[in-house]
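Report on the structure given below.
Chain letters run A, B, ... following the sequence lines, proteins first, then strands; residues in each count from 1.
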Amino acid sequence: MSATHVMLVDDNPQALEILELRLRSLGYRITTCHNGEVALAEVKRDRPAVVVLDVTMPELNGYQACREMKRIDKTIGVLILTAKTDPADRFWAKQVGADAYMTKPADPAAVAAKISELLARS
Amino acid sequence: MMLENARIFVVTRDPAGAGAFVAALEAEGARATLARHPEESFAALADAPDADGVLVVAGDDPGAYAALFAQARAIGRTGDVPIIVAVEPSAAVDAVAITSAVAVAGPPIAAVWALDAAIAPRRELAAAVARERALAARLERVEQRLAALDASAHEISHDGRALLGVVVGYAANLRDGLAGPVDERQRAHLSRVKEAADDVAALLARHAHASSAEPERQASEPAPPPAAAKRAARRSRVAVADLVRSVVGLLDDTIREHEQTVAVDLDESLVVWGDELALRQCLVNLVSNASKYTPRGGTIAVTAGFLPGEGRGAAARRRARVVIADSGPGIPPAESVRVFERGVRLERDATSHPGSGVGLSVVHRIVGAHGGRVSVADGPLGGAAFTIDLPVDARGRERRGIVLSADLAAIERLLAIVDEGAEGVEARAIGDADAVAILVEGADAKREIDALVARFAKLSEVS
């Protein structure tokens, strides 16, 4: 059985490296993108099961990318992982169809657990 | 020129006599608008929020100045426009009556003796206008500085948390052996790195929330409301019931997560005049506080309705009251004033509930700016109840009118008629002046006035 594909989207390469190391150790196949526009192109090319999306990114922010991804395929699980902490941000995440919302700094073990939860739901 | 581009409304019953004042104002650069009838001028003033001042030329008619004060108040201005009354000195003008009428009317109404019709009121008005402008400019600078500080605090919090994510991430991966084996001691150290990073993140979050009146500013696209920089307050009619529902909807996820229940009881006709985004911020702060301090499974209740006001008459000027009650631990009575001070958090809550202690000070500031009051006391659900009282929308009145008289005895009888409960009628005597203003509100105001005048005329005939 092929490994489950998880896409990581963040403009901070260190944030990508941390999660990639953690998730690969758990057996996931990982794609990393540094902005929302690149991520959208990748989603069309190679559909992931789950996308972990930062919000504050150039070109296309995480909320916009989430909305577009859900239009492409609403079964893609989207986890918003953001340093924004305003109560309204959780609201906007839900408005654009995100399936889960976590704030940074987040323990990568907790992120992995959330991804596992999203996959179990689908 | 002292009054450069100042927009001054000149109100008088004697347009010909006021000509000298108008000329003097225009010579100082003002744009003077002269109304033939005081009612016209005050009606225009209500629709001209950029008016810099009002000059009332009352002549030597002792009844006229009191009447004009009443009209100035009746328009429902918040008192931010200076009103100067020029009075010709004469034996017929009673200095005591003027003083007491001014004292009752309150600032910014100030009377001057027009010793020199062309100079004295102009000078007083210029000084008053200059004071108001200086205050407004200072307020704008303070607002801009606050906005810059807010933006800076928010940016630091966001970027700081993102960097802490990197610290936590590497430490956690090391801790869990993803970069090679670690012993117990190393694992313990790495756990402490994570804990310290979490503490810094909490500190940043507290300082970020010591900011704006617009949570929407911090949310990105794509959905409304749009991101907005701190801006001058824009006032409009605000339907309170809709506002409460929108805030409860905004916090729905948090409330559901805590398995709490929100009950609302809202008067759909309640409208206030205010800055909708600022009022939304107040309610967001109070409802999210209620949720934060209410235990899982608890209840939050929001009620909004009219509060009968003070003064004469059963339907005296009314206020809007919004109450947010919860079933949490409540606020100790000794702390019920301190909790609204910036940065204050109850010792009880400092460790158990994260927060910066500025949410309630923001509420206090915004409600105060709207001419209202906020307080906290023990509530009906066993926890705290925060009460906001605000003036209802004065501009929402369809019509308003004024009935005046110089006969005190007849006025007393008229007030008794009003006290019988005419809806939307308020009567207020003006100090020791031999005049009274009856303010009639609502769509049928003109009919009410006509009816009152007719009854009053009958009373006068009888007396």
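Judged purely by distance below 3.5 Å, without hydrogens or angles, the side chains of B:Ser291 and B:Gln260 pair a donor atom with an acceptor atom.
Looking at every heavy atom in both residues, B:Val339 comes nearest to B:Leu360 through O-CB, 3.4 Å.
Most heavy-atom pairs under 4.5 Å with chain B, from the set A:Thr103, A:Thr82, A:Asp107: that is A:Asp107. The candidate from A:Glu17, A:Arg22, A:Lys94 with the greatest count of non-hydrogen atom pairs under 4.5 Å with chain B is A:Arg22. Between chain B and the residues A:Val111, A:Ile18, A:Asp54, the most heavy-atom pairs under 4.5 angstrom are made by A:Ile18. Between chain B and the residues A:Pro105, A:Ser25, A:Ala106, the largest count of heavy-atom pairs under 4.5 Å involves A:Pro105. Taking chain A as the reference chain and counting heavy-atom pairs below 4.5 Å, the highest number among B:Val167, B:Val166, B:Asn173 is found for B:Asn173. Of the listed residues (B:Ala172, B:Ala197, B:Gly249, B:Ala179), the greatest number of heavy-atom pairs within a distance under 4.5 Å of chain A belongs to B:Ala172. Looking only at heavy-atom pairs under 4.5 Å with chain A, the residue among B:Val200, B:Val168, B:Asp252 that has the most is B:Val168.
Contact annotation for A:Asn12: only side-chain heavy atoms (C-beta onward) come within less than 4.5 Å of a heavy atom of chain B. Residue B:Glu155: no heavy atom, backbone or side chain, is found under 4.5 Å from chain A. For a residue to count as touching a neighbouring chain, one of its non-hydrogen atoms must lie under 4.5 Å from one of that chain's; by this rule A:Ala109 touches chain B with the side chain only.
Put simply, the side chain of B:Arg175 never gets that close to the backbone of B:Arg187: no donor and acceptor are under 3.5 Å apart. Panel note: side chain A:Arg90, backbone A:Met102; no donor-acceptor pair is recorded below 3.5 Å. Panel note: side chain A:Arg47, backbone A:Val43; a donor-acceptor pair is recorded below 3.5 Å.
Under 4.0 Å is where a charged nitrogen must lie from a carboxylate oxygen, and between A:Asp10 and A:Lys104 at least one such pair does.
B:Leu204 pairs with exactly one of B:Leu164, B:Asp159, B:Leu163 by the side chain to side chain contact (heavy atoms under 4.5 Å, CB included) rule, that one being B:Leu164.
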